[in-house]
Amino acid sequence: MGNRLGAFFASLGGLIAMPAVAFAHPHVFVEPHVEIVGNAKGQFTAIRNVWRMDELFSSSVVVDFDANANGILDPDELDAVGETVRQSIAEWNFYTFAEIGSEDVKLVAPTKLHTLFENGQLIFFFEMPVKEPIDLTQHKVKVSNFDDSFFVAFDFKNADDFQLIDLPAGCTKKLNVPDEDDAAKQWMNTIAGLGTDEEVPQDQANAYADILATRLEVACLRPS
């Protein structure tokens, strides 16, 4: 049985070696839903992702993982899909990021990606605990899904694609959607000093996707 899914995601490794602007064309499209999980103290404790994959990608997975050729993905086949994807995207932090200021929040890798097939689309859902819970009354956190190679596109529509779970009523969310023109100008300014024969450093290529990423900022009221 071919393993197109693993190849699809594993191929990102080769693409990441190229400047992001050279291949800014997604091949896999995701409708994301992100849950920012906390507790009554206003601590940020986990991120839950629910990703609905596009129909073209989903149909290709059915072809490769339908081992008994019955036209559907049975539970064991769905488990195989989830494990293949889990292993394939681990290198890219599961496309899941949280930040406080300029510092990354350490997240615990998921032990399993749960997988469903519904209305012609694959759905992955998994949780990544925060390694050390963060007090949102003291720090604002920004959360997002993005792929700095531009191979996978996460299509956030509005703030409803992000939900606050088990956090106090005094916690708020704010969607930050970058202006693409301003982001491009900002990125060009960072590489303006390069010579005509110099390649764009990989960290600067990746920075372009970072600048363009939609993020949700979460904060909680300080205790009175």
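- Using a distance-only test at 3.5 Å, with no hydrogens or angles considered, a donor-acceptor pair links the side chain of S144 to the main chain of T214.
- Across all non-hydrogen atoms, the minimal contact from V85 to L113 is CG1-CD2, 3.7 Å.
- Between R52 and H33 the shortest side-chain heavy-atom distance does not fall below 4.5 Å.
- Residues F29 and L56 are not in side-chain contact: their nearest non-hydrogen atoms beyond the backbone lie 4.5 Å or more apart.
- Within the 4.5 Å cutoff, no side-chain heavy atoms of V130 are placed close to those of Q43.
- Across S60 and F57, no two heavy atoms sit closer than the pair OG-O, 2.6 Å.
- Remark: side-chain polar atoms of E103 are not paired, donor with acceptor, to backbone N or O of I100 under 3.5 angstrom.
- Counting only distance, with no hydrogens or angles, the side chain of E217 and the backbone of K140 share no donor-acceptor pair below 3.5 Å.
- The closest side-chain heavy-atom distance from V30 to M53 is below 4.5 Å.
- Distance alone, capped at 3.5 Å, places no donor-acceptor pair between the D166 side chain and the V37 backbone.
- At a threshold of 4.5 Å between non-hydrogen side-chain atoms, the residues D104 and E99 count as touching.
- Judged by distance alone, the side chain of D66 and the main-chain N or O of N70 form a donor-acceptor pair under 3.5 Å.
- With contacts defined as side-chain heavy-atom distances shorter than 4.5 Å, the pair T96/F126 qualifies.
- A side-chain donor-acceptor contact under 3.5 Å links K173 to the backbone of A159.
- Interatomic distance, R215 CZ to F97 CZ, rounded to the nearest 0.5 Å: 9.0 Å.
- Checking side-chain atoms of Q163 against main-chain N and O of D160 turns up a donor-acceptor pair under 3.5 Å.
- In the hydrophobic clustering of ILVMFWY residues, with side-chain heavy atoms under 4.5 Å counting as a link, F154 and W92 come out together.
- A donor-acceptor pair under 3.5 Å links the side-chain atoms of S58 to the main chain of L122, judged by distance alone.
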